[in-house]
Every structure is written in C-alpha cells, then in structure tokens.
There are 2 protein chains.
Amino acid sequence: MRADDQQWETSVERPDGTRRRATIHDVAKLAGVSRQTVSRAVNDKGEIDPATKERVLEAARLLDYRPSRFARGMVQKGAVTAGLVIPDLMNPFFPEVAAGVLEAAEQRGWQVVMWDSRIDEARERDALDVLSHQADAIIGYFKSPDEVLARHLGGVPLVLLERGPQQTRFAAVGIDAAAGLEQGMAHLVGAGHRRIGMLDGVHGPGPRRQAFLEEARRNGLPVDDSWIALCAEHSVAGGEAGMERLLDTRPDITAVFGFNDLIAVGAMRTARRRGRRVPDDLAVLGFDGLSLGELVEPALTTLHIDKRRLGRLAVEQVARLRAGEEPLRGADAWLAPELVVRTSA
Amino acid sequence: MRADDQQWETSVERPDGTRRRATIHDVAKLAGVSRQTVSRAVNDKGEIDPATKERVLEAARLLDYRPSRFARGMVQKGAVTAGLVIPDLMNPFFPEVAAGVLEAAEQRGWQVVMWDSRIDEARERDALDVLSHQADAIIGYFKSPDEVLARHLGGVPLVLLERGPQQTRFAAVGIDAAAGLEQGMAHLVGAGHRRIGMLDGVHGPGPRRQAFLEEARRNGLPVDDSWIALCAEHSVAGGEAGMERLLDTRPDITAVFGFNDLIAVGAMRTARRRGRRVPDDLAVLGFDGLSLGELVEPALTTLHIDKRRLGRLAVEQVARLRAGEEPLRGADAWLAPELVVRTSA
DNA sequence: TTGTATGCGTTATCAT
DNA sequence: ATGATAACGCATACAA
C-alpha cells in the first residue's frame, strides 16, 4: 500500500454534481454486498469470507471510505470526551496539570479536547459554548463566577481547578494555599526576616495573597497592601516589572514571596540587577515548584505542588460526578504544597 | 438557578428498571409537546411561545437532558476534530507547538483532542488506533515508519511533525536543521573553535546530527562519532549525564552542540561542575530557543525555532489535505532556525 | 406557534 | 457466510 493513496480525498458524486464523503452504503454498492458485510469487513469481525472481505476493503480504499464517528457514536455507547480548559500553555505549570489529566483520562479510555483560554474571560465563555456541545464533562480554570459558568454550561458537569469551596458550588480540586504559606512564612521568619513583601498575580486578591497576609499577621509582621505589588503577567517579565515597583515603594524589604515561580524568578532577576544579592540581601520564595526553579541561580526555594496529581484528581472528580456520587470536598480535593528549600531563601 | 442542580445526573427509568440518559423524546413527553418544539426551545430558535419554551426548559432541567453530540453531528455537518499527538508535555518545546495548533484550529472552528505518547512507540500506535476513529485528521510526532503509521491510520489524513521529505511520504512540516547548523557552526568556528562535540538525542542519528557532521566536514573540523555522545533523555538530566560521558571520552573539546536546549543546559551544568567555565573554557550551543535559555546563567546561545508557527503550519497542512489540495512541500513547510547569540557561546 | 415525517450513517439482531 | 430490518437521537422541511 502506498501512503499516498491515503492522502487525497476520493469522494462520491451526488446527483446534483457536488461531492460528498463515501458512506458505508456506497462501499456496499461498489463491492456488491450489503452494508452489514461492509461493516464486518471494516471492523475486522469474523463471520466473513476472506475473499469478500478483501473485495470490500478494496472498494473502501477506492472510495476513501471512513466510518462516520457520529453514526458510530449513536449506536455504540460509552465514548467519553472531556473538555480541558487551560489559561496559558506557555506557563510550564499548566502543561504538567494537563499531563495529569491526559494520563488519568487515557486510563479510563476517555478522550480529552483541549482549549487555551489565554486568560481571557470572553474566550473562557467561548470555550464553554463549544465544549458544552462537544464534551461530556469539562475540567478547567475559569475566572467567571458560577452564574456565568452555569449559563454557558448547558448542564454539562464541570470540575473547577483551583477554586476554594467557599468560592464555588461546582465540584473543584484545588491547592491549600494557607497550608503552603504557613510553611513558607515560617521558613522566612525562622531565617530572621521581618519585612517581607509579596508579588501578587494579575487577578489581585486571591487565596495566596490572603494566606500571605494571614501568616504575616500571625507572625506579627508589619504588613499591609503597600507591601504587595501586582504583576501584569504571570511570567518572568511580569515578575521583573512588579519587583521594580515593589522595590521602589518598599526598598527596605529583606524577603519577597512570589505568586508563582515565574514571577519569583523575575523578582530575583530584578533584585540582582538592582544590586541586591540573593539570598543575602533579599530572599525569594516561589510557589508552584516548576523544574525551572532548579536551573536558575540561585536555585529557587519554593512551595511545590504536585501538578500531575492535581490533573489526575480532576479526572477523578469528573468520574464521581458521572457516577452520580458526591464529589470529593475538603482535604481530599485540596492539595497541600510542600516547601522545597533550595538557595534563594 | 442553583449550580447544584447541574451536578448530579437525573435520568430516566427504562421498562426493565435500568436507567438511561434522557432524550429529546423524554423531554417532549414530560412537557407535553412535540420533539420539534423541544428542539426549538433548547436551541434557542425563534417561533416558540415564551411560556411553552419555559415549560420545556424546565422539563429538560428536571431530566438533566443534554442533546447527544453524536445525533447532532449526524445531522449537522461540519464539525471537525483534529487529533494531536505530542511526545512529551514536560518538554516546554511541545506545549508551544500545541499552542500553535490550538490557535490555528480554533480560528477554523476545529476541535483538537490531545494525546501524550510519552516517546513510546506502542503508545504511538494506541494513539493512532484511538484517534483514527475519533478524529478527522491527525497531527503529531511519530517515530514509527510509514507502513506502520498507514496500518493504524485507517485512511485518516496525517501530518507529520519534523520529518524530512526523504523520510516520509505523508504530508509534513519540519525544521531545516541544515540551515540552522550552518549558522551555528559558523558562529562557533568564527569564535575560533575547532574541537566541537555534540550531545545527540535518544533516537540517535537524525537530521540534527547529520547536519552537524556535514558542517563539521565543510569547516574542516576533526569530527567523527567519538565526538558525539548520546543522551538517554531529552532533558536537563539527560544532558548532564551525556556531558559526563562526552567529557570523559573527549576532554579536549572547546565547544559542544546540544540536540536541544534542555540537553544544552544540562551540558552547561556538568561542564561547570567539572570546573570548566562557560563560555571561556567551553562554549555551549543549544537548539530550540526555549525561553528557559534566557534564564540560566550564562544565557544560552541557541538556534531558535518558531514553535507556534510550526503548529499553525501543521493545521494549514491538514486544511490542504482536507481540501484535496497538494500539501506544502519543501521550504514552505520547512522552518529555518535563527541563531540567537547570548552568552554561552 | 406547533406538530408530522423523514433522513443522517452505523451497528445489532435476527433471519436465511 | 450473508442480508434484511430495526433502532440510535437529533434537526429540518413541510404541513397544519
């Protein structure tokens, strides 16, 4: 068989002269058999004469026949497709979550169709509009509030990534920012830091900032919003820019906590460019545990998250929803970060 | 509307007591209208009394009715699904290609279902077996030879990523390794290097090694296979291990070319651990142009590839195939890397 | 505004 | 070993 044969579409002429894809009927006619026999040949079932099978297959090849996945799906149940909505494929965090989703989905024999929302609420809704028609369940990161989600969901089960139970009534899997920051702040305070700033993400006040402020308070640190700078992007560049501003308003900080590792790395770069040694003059703590953190210099101390597991867990939640079971809530759906001490703090 | 209502499956009881998903028929019965009216209500068409519409929608909610995507697909043509097979989501190169594919697919209104083959030929075939049933076309990285691909493809159009025209008869988009290495080697030779090694990838001899050897020859360098070490993984760790071996067998090299940026970064780390300064004692050249390369120290000089464009191009090839046109061949489907000089070489 | 009839492409069941 | 027939769930043209 020449591969070329596969490449260009042969098709069947309609009475009106236009062309359409060949169906099982066309193949049956050409091979001079019934549709059922074609089905047997194509699907490699037994109960068919090898000679006729060959003849049918030849006809199928001639017409470039491919079974319609829709017609198949109609009659054979059980094909499950999950939609996965990711905010930013360029941030190494998300491909790793996606890998976990793919892995768990594959084990269950599910397919997953992917959508990059690029941190845009309009694109988020587009994703839901499309996927609610094409998927049996949706997993993803969404900024939109519950009502908006519900409106674009059309009743399709949804599992939210990284939303607290107080923030949504949908099923969710998340990260225990409070548990993470308890470790992280203890580490910084234990090293003698009292003036600690934060580089927050684009969405502004969220669980990570809240946990940061909470721990600062618990540790008796002099922290208010002036110790926090917003980053316009969840990227190294965003962290660099944010750190510029933070150092302008609070030049006296001795440590900084980054919303994520990318931002933290940006912070380190700006700090060093402005003549501060890391960690001696300024300690930097990240959040995520990207492998990137091991490669920079100094290596990034960070609150590590098991991103693959997060993805697998999301698939498990979908399975529960589909089975009519209660989704996991609380600690079971709530991953605690683990402090990984390297050299930046 | 409470979001909770959406979460757990209501269903319809069969005569035999088992449960099945509600169909448009069930909704029609419950609402006391025809199926057509249900269709109008659910799909938000006009020509329906607001009161009956509300009644129908309520019935649909009660039964947790969702239209079957298969039945829909049967009757409305035009839904296109592409399969995307990626070898390793943990390598930042591939998410970026995927982003390009997603972007271009979305513009065309296509969906893409993703599969991570984890560099495993058996999983590669599994991917084809599944996707050839569920997708209208497949894009991806495959190690298997044409015959194997064709056997598992069942006639579905395929666009290969990074395979030379001499290596496949399928449509493909690729990278012009020769053009890249011409620039790269000229840069190294221009800096006075004569003893240049290479850290090759897991698959062994391929276009990048071939181009490397070719350029070495053109520049009159003393290079044979002893100047090349294989890396067991396309990762930083793989590069570190490979570099150990290369420095053992060829301690006299003054420069090294890495199969990709991850391996090159690993090479830098091993070189420095063994007391060589980069780039003074040993220059390092990468291939891919990951943003990671800007973050390490020294920053990685590399042959940069427009990975997003690669992905978009692959989708364009699929479109051509589907339209019955000739796929792009040669330079148009063949991206040339661009030398980005930073500080590692 | 609403209902009836038909077809979409496939597989399963049951016959021959 | 092969064929006839009946679903599968939906949307669309057309009739009322």
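We name chains A, B, ... by the order of the sequence lines, and we start the count at 1 in each one.
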**Report entry** Side-chain N or O of Ser68(A) closer than 4.0 Å to phosphate OP1/OP2 of dC8(C)
**Finding:** no
Requested in this report: Check every nucleotide of DNA chain D for an atom under 4.0 Å from a heavy-atom of chain B, then give the first and the last such nucleotide from 5' to 3'.
Outcome: dG9(D) to dA13(D)
Query raised in the report: Considering all heavy atoms of both residues, which atom of Val173(A) and which atom of Gln317(A) are nearest to each other, and what is their separation?
Result: CG1-CG, 3.5 Å
Query raised in the report: Between Asp64(B) and Gly155(A), which heavy-atom pair has the shortest distance, and what is it?
Result: OD1-O, 4.0 Å
Report task. Would you mind telling me which residue lines up with the more 5' stretch of DNA chain C, Ala71(B) or Thr52(B), judged by nearest nucleotide? Result -> Thr52(B)
Could you give the side-chain donor-acceptor pairs of residues 74-82 of chain A under 3.5 Å, partners two or more places apart or in another chain?
| residue | atom | partner | partner atom | Å |
| --- | --- | --- | --- | --- |
| Lys77(A) | NZ | Met74(A) | O | 2.9 |
| Thr81(A) | OG1 | Arg69(B) | NH2 | 3.1 |

Return the value, rounded to whole Å, for the distance between atom [atom1] of [X] and atom [atom2] of [N].
{"X": "His25(B)", "N": "dG3(C)", "atom1": "NE2", "atom2": "C1'", "value": "14 Å"}
{"X": "Glu54(B)", "N": "dT1(C)", "atom1": "CD", "atom2": "C1'", "value": "17 Å"}
{"X": "Met74(B)", "N": "dT6(C)", "atom1": "CE", "atom2": "C1'", "value": "13 Å"}
{"X": "Lys77(A)", "N": "dT10(C)", "atom1": "NZ", "atom2": "P", "value": "16 Å"}
{"X": "Asp26(A)", "N": "dC8(C)", "atom1": "CG", "atom2": "P", "value": "11 Å"}
{"X": "Gln76(B)", "N": "dC8(C)", "atom1": "CD", "atom2": "C1'", "value": "11 Å"}
{"X": "Tyr65(A)", "N": "dT10(C)", "atom1": "OH", "atom2": "C1'", "value": "7 Å"}
{"X": "Asp49(B)", "N": "dG3(C)", "atom1": "CG", "atom2": "P", "value": "11 Å"}

**Report entry** Counterpart residues, side-chain hydrogen bond (donor to acceptor under 3.5 Å, both in side chains), relative to Arg123(B) (two or more places apart)
**Finding:** Glu106(A)
Report task. Applying side-chain hydrogen bond (donor to acceptor under 3.5 Å, both in side chains), name anything that partners Asp129(B), two or more places apart in sequence or on another chain. Result -> His152(B)
Requested in this report: Compare the minimum distances between each of dT10(C), dT1(C), dT11(C) and the side chain of Asn43(A), then state the nucleotide with the smallest one.
Outcome: dT11(C)
**Report entry** With Glu103(B), the salt bridge (charged side-chain N to carboxylate O under 4.0 Å, His left out) member among Arg308(B), Arg108(B), Lys307(B), Arg309(B)
**Finding:** Arg308(B)
Query raised in the report: In residues 27-40 of chain B, which ones come under 4.0 Å of DNA chain C, going by heavy atoms?
Result: Val33(B), Ser34(B), Arg35(B), Gln36(B), Thr37(B), Arg40(B)
Distance-only criterion, 3.5 Å: show the donor-acceptor pairs between side-chain atoms of residues 32-39 of chain A and protein atoms not counting sequence neighbours.
| residue | atom | partner | partner atom | Å |
| --- | --- | --- | --- | --- |
| Ser34(A) | OG | Gln36(A) | N | 3.4 |
| Ser34(A) | OG | Thr37(A) | N | 3.3 |
| Ser34(A) | OG | Thr37(A) | OG1 | 3.2 |
| Ser39(A) | OG | Asn43(A) | ND2 | 3.4 |

Query - Under-4.0 Å salt bridge between Arg66(B) and Asp136(A) - result: no
Query raised in the report: Are Glu124(B) and Ser117(B) close enough that a side-chain donor and a side-chain acceptor fall under 3.5 Å?
Result: no
